K.L.:
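Handing you this structure, nothing more for now.
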Amino acid sequence: MLFSSKWPRADPTVHFLFVVRLGRSRPLSDAMLPSRLRLVTPLPEAPVDDAETLGDLVAGLRMGRPNAQRQLLERFSPFVERVLTRILGVTSDLEDLEQEVFVRVFERVGELREATALRGFVASVAVFVAREALRAKRRRWWLFFMAPEATPEIELSGVDPVAREAVRAFYEVVSKLPEDERIAFCLRYVEGMELTELAAVCACSVSTVKRRLRGAEVRFARWSAQRAELVDLLEEGTRWPRSKR
Amino acid sequence: MAKVQTLRSAGRRVAMTLDAALVDRERVSIEERLGSIRALTKERNDTRRRLRVAMLAAAVVVATVIVVVMRRPSELTFSIAGAAGRAGEWVAATSEPVAMEFSDGTRITLAEDARARVIEVSAHGARIALERGRLTAEVVHRAEARWAIVAGPFVVHVVGTHFDADWDAALEALTVKLFEGRVEITGACLSEARPVSVGESVRLSCRQVAPPTEAPPSTAPAPSTAAVARSPIKTPSWRELFRRADYRAAFEAAEREGIDVIAARAGAGELLELADLARLAKRPDVAQRQYLAIRNRFGREEQAATAAFHLGRMSFTVAPAEAERWFSTYLAERPAGAFAAEAMGRLLEIQHRAGNREAAKKTAERYLTAFPNGGHAALARSILGS
């Protein structure tokens, strides 16, 4: 089975294409896939949403209908989880952050002008919550010295150790970036968001997003060059220019 | 750009690793999550509601305080011959009447040779001590107005009226003629307040029953007889008798108790009363002894400064040099005290009579600066003019 049964929803389209293409019948794992293929599509929960369906959903949310709320969680939980983990990594407070995102979506759904903008609205709320979490973590920096276990560590169980260390190093480097640059960098390169969508969820202009990305890229390049784990991650395919010593 | 491609490649690998880590992540069911979200939403709404109520209550309190403060009427002001008047300052009319104009329109006019002092001023009126002579009060009627004319042991309570009050300090008698409105008179020797009606003329004294006086010709009612009512008090103390202005009986009571016994145990206030009693009972020897005792025992107290003033008054005619010393002492200790104008004025008189021109000029300048409308202002100006 391509997707875990624990996922609320599976995408049969991708599954079908994948099976036909490779002719495999046994269960697949991510490690078997070449890097050019991805298991997760950008919008698995809502590949096509017509205005009428979204309109009903948003209307139900505005009226506080339990069914609409349930439907929102079913459709957007994976998406919210992904947006948060792209920015923050897999942290121990991920569940709380997801809950916070939906609490705010329910509270603020009245601000949504067009139902078709629901996805972007949810994404922007998730980005806002992630930014708050980063700032809160930055204010608690002294806890690192007092009680390291109190800070949410990157949890990457069940993955290849080399990959795990590389991702840990990746998030250690991006944690040094300013919050806005980190968010833009992670959503652009880890999530693969296009610039216009990125600008929308960050509530800024495309030029601002580009400026943030340039700053993040320069800093990331300088800092990642000093981490062996990241050198391997970055040098596969195209060699990353090393900083001159 | 190669750099961008590198980052994208790296990003995808990071994404894959993250997704792999999330596959086995334990997740709560949708229903459980929905329940938690609703509970958290409710808790926050309750908190916000409590905060809004608290803020609203605080806003109401602040608004109420602001309204009360802004609506609180400010204290009345008054002027004397165009100059701003000050509470505590003595006002004396010499050859011409002197009017005190209050900011609510009330007018208090001192007749010739009358002398009075505004004891205190409030938003609702003023309390005026009439030391001697006659004043005419034209008080603007207001529901909350509170005016009082203090003459000896009597207090004329005024709400809104036009009347004359005349205090004879020698006979210790108050005469009130009411032209308009209504007043009430209270006093230490009155068992109850004495109302006075329009057209009525009342003469009161705590010393004797005063005969009635004629009513103003324009008034219809017949003049009334004012009787002094003595409250039947069994064995009153010397202090009670003193406050009733029965100085002779009070002094006799103090002598029975023992002047020195009283003085030995008395505090500053009681000792000053004993000294004042002796002075008013025409026993200057006892008075001087007690005033000096106050000076020795309570040198820093208000009563000690008052004692200095009375020692100066008692010496004024018989020992001017000593009086000058006591008045100077009082002014040094209480430059803005209740008796400052009188002390400075009498000091000026002494220096002028003694021919001490330089000292008199300096004192005259001080007097006119502090009390430009005081009872000795004319003397001060004449000294400076010559």
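Quick note on labels: first sequence line is chain A, next is B, and so on, each numbered from 1. Everything numeric in this text was worked out from a predicted model, so none of it was measured.
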K.L.:
Among B:V4, B:V14, B:T6, whose side chain to side chain contact (heavy atoms under 4.5 Å, CB included) with A:Y189 holds?
P.N.:
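Answer after filtering B:V4, B:V14, B:T6: B:V4.
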
K.L.:
Heavy-atom pairs under 4.5 Å with chain B: which of A:Q99, A:R188, A:Q69 has the most?
P.N.:
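Ranked by heavy-atom pairs under 4.5 Å with chain B, first place is A:Q99.
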
K.L.:
Is chain B contacted by the side chain of A:A166, its backbone, both, or neither, given a heavy-atom distance below 4.5 Å?
P.N.:
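Contact with chain B involves no heavy atom of A:A166 at all.
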
K.L.:
Starting at CG of B:L22, measure out to CD of A:E81 and round the result to the nearest 0.5 Å.
P.N.:
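Spacing of CG (B:L22) from CD (A:E81) equals 4.5 Å.
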
K.L.:
Please flag which part of A:E107 lies under 4.5 Å from any non-hydrogen atom of chain B: side chain, backbone, both or neither.
P.N.:
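Contact with chain B is through the side chain of A:E107 alone.
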
K.L.:
Taking atom types as modelled, is there a side-chain donor on A:S77 or B:R27 under 3.5 Å from an acceptor on the other?
P.N.:
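Per modelled atom types, A:S77 and B:R27 side chains form no pair under 3.5 Å.
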
K.L.:
Can you check whether A:F170 reaches B:T17 side chain to side chain, under 4.5 Å on heavy atoms?
P.N.:
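No, side chains not in contact.
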
K.L.:
Test: side-chain hydrogen bond (donor to acceptor under 3.5 Å, both in side chains). Region: residues 335-344 of chain B. Which pairs qualify, not counting sequence neighbours?
P.N.:
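Every side-chain hydrogen bond (donor to acceptor under 3.5 Å, both in side chains) pair that includes a residue of residues 335-344 of chain B, provided the two are not neighbours, is B:R115-B:E342, B:E342-B:R346.
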
K.L.:
How about NZ on B:K362, more than 12 heavy atoms from neighbouring residues, nucleotides or ligands closer than 6.0 Å, or not?
P.N.:
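Count not over threshold, so no.
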
K.L.:
For B:R300, is the CZ atom crowded, meaning more than 12 foreign heavy atoms sit under 6.0 Å from it?
P.N.:
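Result for CZ/B:R300: open.
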
K.L.:
Going by residue number, which parts of residues 36-55 of chain B are within reach of chain A, meaning a heavy-atom gap below 4.5 Å?
P.N.:
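At a heavy-atom separation under 4.5 Å, chain A is reached by B:S36, B:I37, B:R38, B:L40, B:T41, B:R44, B:R48.
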
K.L.:
Rounded to the nearest 0.5 Å, what separation is found between the CG atom of A:L73 and the CD atom of B:E31?
P.N.:
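One finds 9.5 Å between CG of A:L73 and CD of B:E31.
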
K.L.:
Find out whether B:L18 and A:Y171 are in side-chain contact, i.e. whether some heavy atom of one side chain is under 4.5 Å from a heavy atom of the other.
P.N.:
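Side chain of B:L18 against side chain of A:Y171, heavy atoms only: contact under 4.5 Å found.
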
K.L.:
Side chain, backbone, both or neither: which part of A:L94 has a heavy atom under 4.5 Å from chain B?
P.N.:
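Its backbone and side chain both get close to chain B.
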
